[in-house]
Amino acid sequence: MNGKLNKRERIGFLLIIFLPFFVSIISLLIGSYPISLKDVLKTFLSIFSSASLKEIPEVYRDIILKIRLPRVILALAVGASLSVSGASLQALFRNPLVNEYILGISSGAAFGASLSIVFFGKGFPVELSSFIFAFIAFLSVLLISKEAGSDIISLLLTGVIVTAFFTSLLTMVEFLANPYSLQSLFFWLMGSFSLAGWKEVFYSLPFMLVGMTVLFLYGWRMNVLSLGDEEAKALGLNVKLEKLFIMIAATMATSSAISSTGIIGWVGLIIPHISRMIFGVDNRKVIPASALIGATFLLIADDLSRGITSFEIPVGIFTSIIGIPFFIYFLRKSGKLWA
């Protein structure tokens with residue numbers, strides 16, 4: 001595959017590179033407390049200039065720097081992580097319907113995170129618990145499907161079973177949780193950035209960046225693996241090891257995202273399809289494109305969730321409403337995308 005961009009693809013990449021920055025600026029203006037673009041720019045300048053600090057009300061600095069900015073950063077990172085993970089798993093299993101939710105990663109991560117939130121508190125990191133159970137769920141899908149058969153149908157059916165199992169465990173945690181924890185957990189499970197702060201950014205962002213970086217670097221390997229195991233071996237790849245690295249990186253990126261925001265569905269399934277429509281099936285292009293488009297998409301969804309009503313709607317509801325019609329459309333076009 002040729003990794004060079006043609007004219008149309010260069011224009012597409014220039015557009016999606018600037019989109020996250022443009023939407024981020026708009027996102028900083030949106031909220032129950034209106035702040036103008038001029039005041040936002042002054043607030044950022046006040047970080048570097050003590051003279052301009054006196055011109056900015058303290059409430060502006062608190063809203064922009066302590067509430068909206070970490071939320072924007074987290075939404076961008078989560079959108080990119082889920083999209084890159086979805087694109088990588090689809091490439092790894094050579095099927096456009098595969099994503100982190102179908103393979104049990106999301107349900108495992110959600111169970112691990114809820115277990116930490118309800119029972120362990122601060123004694124056990126949410127990110128670590130989320131990653132451990134996400135990987136257990138994913139590994140269970142791979143091992144059970146291998147025994148049932150090596151075809152993609154066995155993999156998807158096993159993913160449904162494992163997802164149902166961890167969803168049941170999650171329901172049990174909800175049943176045992178105290179009313180205060182249950183209220184927080186219920187809102188978290190619908191996917192929300194309402195509690196996003198610098199703490200969540202510092203705890204989750206490094207793991208998401210590590211996972212995405214590995215997947216970025218493995219783009220050309222995914223192209224080779226998509227040819228089949230025998231062809232990949234003939235070209236000098238250690239197939240089992242390469243697949244393991246990709247699966248660990250995708251699980252890390254997904255579980256870190258879920259641990260900070262809860263379950264946000266459809267992003268990892270829909271965004272890679274959009275990327276392939278624009279840039280083809282070369283993963284060296286699809287992976288970075290999915291990161292940029294996914295980051296922008298989720299940030300826009302979060303803006304809608306907190307901007308169209310006086311109260312905040314969980315962003316997971318918006319991604320489902322937007323994602324399902326897209327999925328129906330892409331399901332009909334999936335053959336063309338993978339031709």
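In this chain, numbering begins with 1 at the start of the sequence shown.
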Surrounding [atom1] of [X] (heavy atoms of other residues, nucleotides or ligands, distance under 6.0 Å), is the total greater than 12?
X	atom1	result
Phe207	CZ	no
Phe93	CZ	yes
Phe44	CZ	yes

Tell me the closest heavy-atom pair linking [X] and [Y], and the distance in Å.
X	Y	answer
Ser32	Arg68	N-NH2, 4.3 Å
Ser24	Val72	OG-CG1, 3.7 Å
Ser255	Ala134	CB-CB, 4.0 Å
Leu299	Ser27	CG-OG, 3.4 Å
Ser256	Met208	CB-CG, 3.6 Å
Ala177	Val118	CB-CG1, 3.7 Å

message = Let's go through Val214 and Ile248 carefully: what are the C-alpha distance in whole Å and the side-chain angles of both, what is the deciding distance for side-chain contact (heavy atoms from CB on, under 4.5 Å) to 0.1 Å, and is it a yes or a no?
response = CA-CA 9 Å; Val214 172; Ile248 290 175; over 6 Å; no
Backbone of [Y] reached by a side-chain donor or acceptor of [X] within 3.5 Å:
X	Y	value
Thr296	Leu292	yes
Ser260	Ala257	yes
Ser130	Ala109	yes
Gln90	Ala87	no
Trp198	Leu65	yes
Arg306	Ile30	yes
Asn223	Asn283	yes
Ser145	Leu155	no

So do the side chains of [X] and [Y] get within less than 4.5 Å of each other, counting heavy atoms only?
X	Y	result
Ile278	Ile293	yes
Leu92	Val98	no
Phe22	Leu15	no
Thr319	Phe297	yes
Ser259	Ser204	yes
Met222	Leu215	yes
Leu89	Phe138	yes
Thr254	Ile258	yes

Nearest 0.5 angstrom please: [X] [atom1] to [Y] [atom2], how far?
X	Y	atom1	atom2	answer
Glu9	Leu14	CD	CG	12.0 Å
Ser106	Leu82	OG	CG	7.0 Å
Phe21	Leu76	CZ	CG	9.0 Å
Leu217	Ile246	CG	CD1	11.0 Å
Glu100	Ile263	CD	CD1	10.5 Å
Leu235	Glu231	CG	CD	8.0 Å

task = Go through the steps to decide whether Thr167 and Ser107 satisfy the test side chain to side chain donor-acceptor pair (under 3.5 Å), and finish with yes or no.
result = CA-CA 6 Å; Thr167 301; Ser107 58; 5.0 Å; no
side-chain contact (heavy atoms from CB on, under 4.5 Å) partners for Lys233, two or more places apart =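 Testing Lys233 for side-chain contact (heavy atoms from CB on, under 4.5 Å), a comparison that skips the adjacent residues, returns Glu230, Val239.
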key: Salt bridge Arg71-Glu312, side-chain N to carboxylate O under 4.0 Å   =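 Salt bridge between Arg71 and Glu312, a charged N being under 4.0 Å from a carboxylate O: yes.
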Would a single hydrophobic cluster contain both [Y] and [X], if residues Ile, Leu, Val, Met, Phe, Trp and Tyr are joined by side-chain heavy-atom contacts under 4.5 Å?
X	Y	answer
Val126	Leu209	yes
Val162	Val160	no
Phe166	Tyr101	no
Phe111	Phe119	yes
Met172	Ile161	no

task = Determine, step by step, whether Lys243 and Asp229 satisfy the salt bridge (charged side-chain N to carboxylate O under 4.0 Å, His left out) criterion, reporting the C-alpha distance in whole Å, the side-chain angles of both residues, the deciding distance to 0.1 Å, and the verdict.
result = CA-CA 10 Å; Lys243 287 184 176 181; Asp229 291 356; 3.0 Å; yes
query = What class does the angle between the rings of Phe279 and Phe13 fall in, given that below 30° is parallel, 30 to 60° is tilted and above 60° is perpendicular?
reply =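 Because their plane-to-plane angle lies in the 30° to 60° range, the rings of Phe279 and Phe13 count as tilted.
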key: Passing candidate, side chain to side chain contact (heavy atoms under 4.5 Å, CB included) with Ile63, options Val40, Ile35, Thr43   =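 Between Ile63 and the candidates, side chain to side chain contact (heavy atoms under 4.5 Å, CB included) is satisfied uniquely by Ile35.
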request  = For a side chain to side chain contact (heavy atoms under 4.5 Å, CB included) with Phe133, tell me which candidate from Leu169, Ile105, Leu170, Leu115 qualifies.
outcome  =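 Considering Leu169, Ile105, Leu170, Leu115, a side chain to side chain contact (heavy atoms under 4.5 Å, CB included) with Phe133 is found only for Leu115.
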ask   = Between the side chains of Ser290 and Ser275, does any donor sit under 3.5 Å from an acceptor?
value =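 The criterion, which ignores hydrogens and geometry beyond distance, is satisfied for Ser275 and Ser290.
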ask   = Under 3.5 Å, is there a donor-acceptor pair linking the side chains of Ser36 and Asp39?
value =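 Distance-only check passes for Ser36 and Asp39.
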